[in-house]
Structure formats: C-alpha cells, structure tokens
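So the structure is just underneath, and the comments pick up after that.
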Amino acid sequence: MIRLHDARSAALAELRPGPGERVGIYACGPTVYGRVHVGNARPFVVFSLLKRFLAHEGHDVTLVVNITDVNDKIYDAARPLGVTSVQLAAEMTAHYLADTAALGLGRPDAEPLASESIEGIVDLIAALMQRDHAYAVDGDVYFRVRSDAEYGSLSHRAIDEMSQGEDGEGTARKEDPLDFALWKAQKEGEDSAWDAPWGRGRPGWHIECSAMAEQLLGVGFEIHGGGNDLAFPHHENEAAQTRMGRGAELAQIWMHNGMLQLRGGTMGKSLGNAVRLHEVLDEVGRDALIMLFAGAHYRQPMAFDDERLAEAGARIARIREAARRLADGESPADMRVHRDAFFAALADDFNTATALGALFEWVREANRRGEPVGRADLVEMLGVLGLENLVEAGDEAGAPEHELLQRREAARLAKDYAEADRVRDELGAMGWTVRDGPEGPSLVRA
RNA sequence: GGCGCCGUGGCGGAGUGGCUACGCAGCGGCCUGCAAAGCCGUUUACUCCGGUUCGAAUCCGGACGGCGCCUCCA
C-alpha cells in the first residue's frame, strides 16, 4: 500500500489507482516569463521521481506538467524587453524545456500549453456560468466564491478571513471582493487574445490548470501536485472551479512540496534572489542536484546553498565509488533487507530521505564484503531516483595513461618513491587518480 | 491579526512512546612506501518549562525562536 500526504484531509491518504492500475499526476509547472530557477526544479524532480516509483510498483502512470504561457506576468516581462508576450513565452518555453531536459529525468507524458487549451477552458467557464457559479461583467468573467460551500476546504481557511484580491484591478466589477477572474477582457497592449461567448480576452491563471488537468486526466484523477505556495489561492481555486463546474472533485490527493530556502529567505521570484536552474546544472551537474532534492523529505523546506550542493556531490561520489567494486547479477539475499527498506520508505509518503539512508546502508554493506557483490539491488534503487547512471562504467584510461601507470609501478617496485609520486602527480594533472588495490594499481577519473 | 509548518549531535537531515537512521566534515585506528578508496571507532543529539506515562526527544499544554501562505512566487 502506498500512502501520500493529502492537503485536503491533512492526513496520509492511501493511493487508489484507477482501472488498469492507472495513476494520473498533474503537477503545476512554470509560468514562462523568464528562465526557471532551481526552486522550479524541485516539483519537477519530485513528481518525476514519484512517477518512476509508482511505475516501479506496477502502476500505469501518466504525468502531466503544464506550461503557463498566458499570464499577466508574461505581459509585464515582455513590455520592457520590446517583444510581444507571445515571443517571450515561446522563447522561455524553449529554455524551460532545455533546462529541465538537462536534469536527465526524461519528459512528462504531457506538457500542455495554456495557449493551446483555450477550447477546454472556455468550455469549463461556460459550464460554471450555466450553473450560476460565474458571471460576466464588461467582458470579464468572475467565479462566485461564496457559491461554493466548500471553498477553503483545501487550504483550511475560513472564507471570512480571506482578503484575496481586494485591492486588485476589477474590484469595482466584482460582486464580491473574494471572487477571482476566470476570463479577462483584452486590454490595451495585450497581444494574445481569443474570442469567447462573453467577449475577446484570455483566461485567468487558475482556470487554465483546471481545464488542462481535466482534458488530459479527466475529473477525479489520483494526484495533483505543486509547490505549497500554490495551495492558496491557486489550488483552492482550481478545486472550486471543477467542483462547481463538473460536480466532482478534480483530484483525490493534493500533494505539496516544500520551498527551497536560500540564506535569508525563500527563493521567491519576487525577492530577486533566485538561482537559475541552468547555472546550477552547469556548475555541479544533475546528479548532485537530484541527490540534494532526494536527501530531504519532499514536504520539508530545504536549505539550498553551495555547501549543500557540494555535500550532495560527495554523496554521489560515495555511490559511484561503491559501484566500481560491484559485479554483474543478483545481489546477496541477506542484503535485500536494505533494498526492501528503501521501497518501504518510498511507500510511506514518498520518503526519499529515509530511502537514501537504506541505500547507503546497502552501500556500506557492499563495501564491507571482501568479494564484489551483485549490483542488481543498487541498480533497482538508483533507477527510481533517476541515478542509474552512477553504476555505469566510467571513462577508460587510454594507452598513454597505462604506460605512465606502468612506469610508476616499476619505480615503486624499485623503491624510487620520488619518481613514483612524480608520475602519479603527472597522471593527476591529466585527470586520473591512481588506486593501489590488491590486484595492483588502477586508474579512475578524478 | 488569521491559517499552517518547523525547532534533532560541528553541519545537513530522517525517524520514533523504550531498540546505532543516513550522509558530509573533523579526529583516532586498520590497510598503504606515502596517498587515494574502503572498513572500524568517535564517550547522555533531540529549544525551554510544565503535564500524561513504568518510561517522552517522540503524546498534551504553555513559552521562546525560525519559516510559508493570506497580494496570479514551484
């Protein structure tokens, strides 16, 4: 049994796959008005790894991560750059796809664009209007928040304590300050707009996700995810729209990942202290970043700085070292307890931190044994973490390196240690580390 | 002010009503010509104060401290 923390019930909920072991996951993706930062990568990694784990457990998983390419922020970012919002969104979408591809976790099964989902959005808004949960004013359409008796049940807020949107634009047109926009009439300088029964304009942010999730996964799919900063109002609104428009809950389990914390606060874009994803990947590589994310429980806030990254790199190196000593084939039966603990931890609210503890116990046990042990268990565990590459053979040293190694060995045997160390330094400068083992010296990539 | 989360050994970070998490760093030891890698060890770690209990770091109450959201930030 797999249990995951559900925000709505504020408790662990058993994952109940649909027919054919189907599990649909929808995770809110980025709004493409700039290069994505490492904070954006956390949900991408968390839900990509969750998909791998659920697939490993025999489920037929469909992961959907949307791209919000129609949004106020994009208009605001495009204007000073002198480009259209459509151009900016297209450019940043391409960057986003490249930056996340560099994580080496593959792509989600679907990555819908808001701009290509207008039909479904209009359909959902129409359903809401028909049921009297939404109203049009001067080309805008607003959701009637107080018409949903369950509004607030996801984020656990009392409706009378909300001050959402009281100062924003459109206040004068709303029946109630709490109401939020489903559709915004086209304004001066806005270059993307579509025709709808209530006027030309574009969708609001929340309705985009409700509609795209429904289109690709249907209503009532298994897992809806995203950063916990989206719990309110974004997910609350998504849930309300589908509940009122379709008469059913959008998702069964609402999962929220914790924020990344930089020294001095959260990595919010508004704080201007974001570290861009591609810069981190260029600097430390995807292995270390994934290890960092997997090192803590997904719901916890996570410290993020160069030291944490370096430490994650050291953990990666430990696994890579251990993998060098392994043999082909099955792992010893008496080490399976660690493998089992690894998967049990993931089944208990996807606890990658505890799972990694079990993986490292497996590694230590493997290192302890005199004989090389089969790598099957380790490959299986690393596969779920997207780190199966760590067991791949590294670069092979070429003939020139081996010649130097032999020269060093000859010097060693002649007890000319000054010469032996000089040759070792020479190899080090070429990027090779000498390892003296029971079967003689060998070379590994530094 | 409202809702919620969190305070664990030098650092990061799991977990739990009684049994070594794990990793990184440091130190000591084994191995080694020396290293590297690995292994072993590293002596009351659980913010504070009450309470419940045979027993609490783990449950309850309070205090102090940090953080998120409540303004379309993952």
Side-chain angles (χ1 to χ4, degrees), chain A residues 7 10 27-31 36-47 65 68 71-73 76 152 155-158 160-168 180-181 204-206 208 225-234 236-237 256-261 265-271 274 291-292 295-297 299-303 305 307-308 310-319 321-322 324-325 341 345 348 351-361 363-364 366-370 412-413 415-418 420-421 424-425 428 433-438 441-442 444 446:
Chain A
C28 287
T31 298
V36 292
H37 56 71
V38 265
N40 291 292
R42 172 121 97 145
F44 190 94
V45 171
V46 165
F47 292 103
V65 180
T68 298
N71 188 293
D72 285 334
K73 289 203 156 208
D76 293 343
S155 57
H156 304 287
R157 283 158 213 266
D160 291 320
E161 281 155 6
M162 298 171 186
S163 57
Q164 185 193 356
E166 278 177 0
D167 303 321
F180 58 87
W205 180 37
H206 314 303
E208 294 175 1
N228 69 192
D229 54 337
L230 298 185
F232 187 89
H234 185 55
E236 189 73 68
N237 291 351
H256 292 126
N257 63 271
M259 299 291 100
L260 245 45
Q261 320 261 177
T266 302
M267 186 168 337
K269 294 172 186 171
S270 55
L271 291 174
M291 176 58 73
L292 179 67
H297 187 96
R299 279 198 280 144
Q300 296 304 122
M302 168 177 287
D305 55 43
E307 281 180 56
R308 301 281 80 65
E311 188 188 310
R315 303 177 110 198
I316 288 291
R318 177 168 168 77
I319 296 172
E321 286 292 347
R324 286 184 170 128
R325 282 187 281 274
D348 182 15
N351 197 332
T352 52
T354 296
L356 267 178
L359 186 151
F360 277 110
E361 291 195 59
V363 164
R364 187 182 13 151
N367 285 337
R368 218 181 243 158
R369 311 226 164 170
R412 273 185 78 207
L413 292 173
K415 300 216 189 297
D416 182 358
Y417 296 125
D421 290 351
R424 183 166 64 190
D425 288 346
T433 299
V434 178
R435 291 273 162 78
D436 292 326
S442 58
V444 298

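Order of the sequence lines sets the chain letters (A, B, ...), proteins ahead of strands, with each chain counted from 1.
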Rounded to whole angstrom, note down the [atom1] distance from [N] over to [M].
N: B/A25; M: B/G61; atom1: P; result: 41 Å
N: B/C67; M: B/A56; atom1: C1'; result: 26 Å
N: B/A45; M: B/C19; atom1: P; result: 12 Å
N: B/U42; M: B/U52; atom1: C1'; result: 37 Å
N: B/U43; M: B/G26; atom1: C1'; result: 16 Å
N: B/G55; M: B/G62; atom1: C1'; result: 23 Å
N: B/A63; M: B/C27; atom1: P; result: 45 Å
N: B/G15; M: B/G66; atom1: P; result: 25 Å

Of the nucleotides [options], which one has an atom closest to the side chain of [X]?
X: A/A296; options: B/G13, B/C22, B/C34; answer: B/G13
X: A/R325; options: B/C69, B/C40, B/G38; answer: B/G38
X: A/A303; options: B/A37, B/G68, B/G13; answer: B/G13
X: A/D229; options: B/G13, B/C24, B/C69; answer: B/C69
X: A/R424; options: B/C34, B/G38, B/C22; answer: B/C34
X: A/T433; options: B/G23, B/A36, B/G38; answer: B/A36

Not counting sequence neighbours, which residues clear side-chain contact (heavy atoms from CB on, under 4.5 Å) with [X]? List them please.
X: A/A231; answer: A/H256
X: A/R325; answer: A/E321, A/N367
X: A/E307; answer: A/D305
X: A/S442; answer: A/R435

Starting from the 5' end of RNA chain B, give me the residue, A/A158 or A/R435, whose nearest nucleotide shows up first.
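It is A/A158 whose nearest nucleotide is closer to the 5' end.
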Residue whose nearest RNA chain B nucleotide is more 5′ - A/A231 or A/H297
A/H297
If you define the side chain from C-beta out and look only at heavy atoms, does anything of A/W205 sit under 4.5 Å from A/N237?
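Result no, sub-4.5 Å side-chain heavy-atom pair not found.
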Intra- and interstrand pairs of RNA chain B - dot-bracket, Watson-Crick/G-U under 3.5 Å, | marks other strand
(((((((..(((.....[...))).(((((.......)))))....(((((..]....))))))))))))....
Holding to side chain to side chain donor-acceptor pair (under 3.5 Å), I want the full list of residues that pass it with [X], two or more places apart in sequence or in another chain.
X: A/R364; result: none
X: A/S155; result: A/R157, A/E236
X: A/N228; result: none

Rounded to whole Å, please give me the gap between NE2 in A/H256 and P in B/C70.
13 Å
When you measure from the side chain of A/N257 to the backbone N and O of A/G227, does any donor-acceptor pair fall under 3.5 Å?
yes
Atom pairs, protein N/O to nucleotides 8-11 of chain B N/O, distance under 3.5 Å:
residue	atom	partner	partner atom	Å
B/C11	O2'	A/R308	NH2	3.0

Report the distance from atom CZ of A/R42 to atom CE of A/M259, rounding to the nearest 0.5 Å.
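A/R42 atom CZ to A/M259 atom CE measures 7.5 Å (nearest 0.5 Å).
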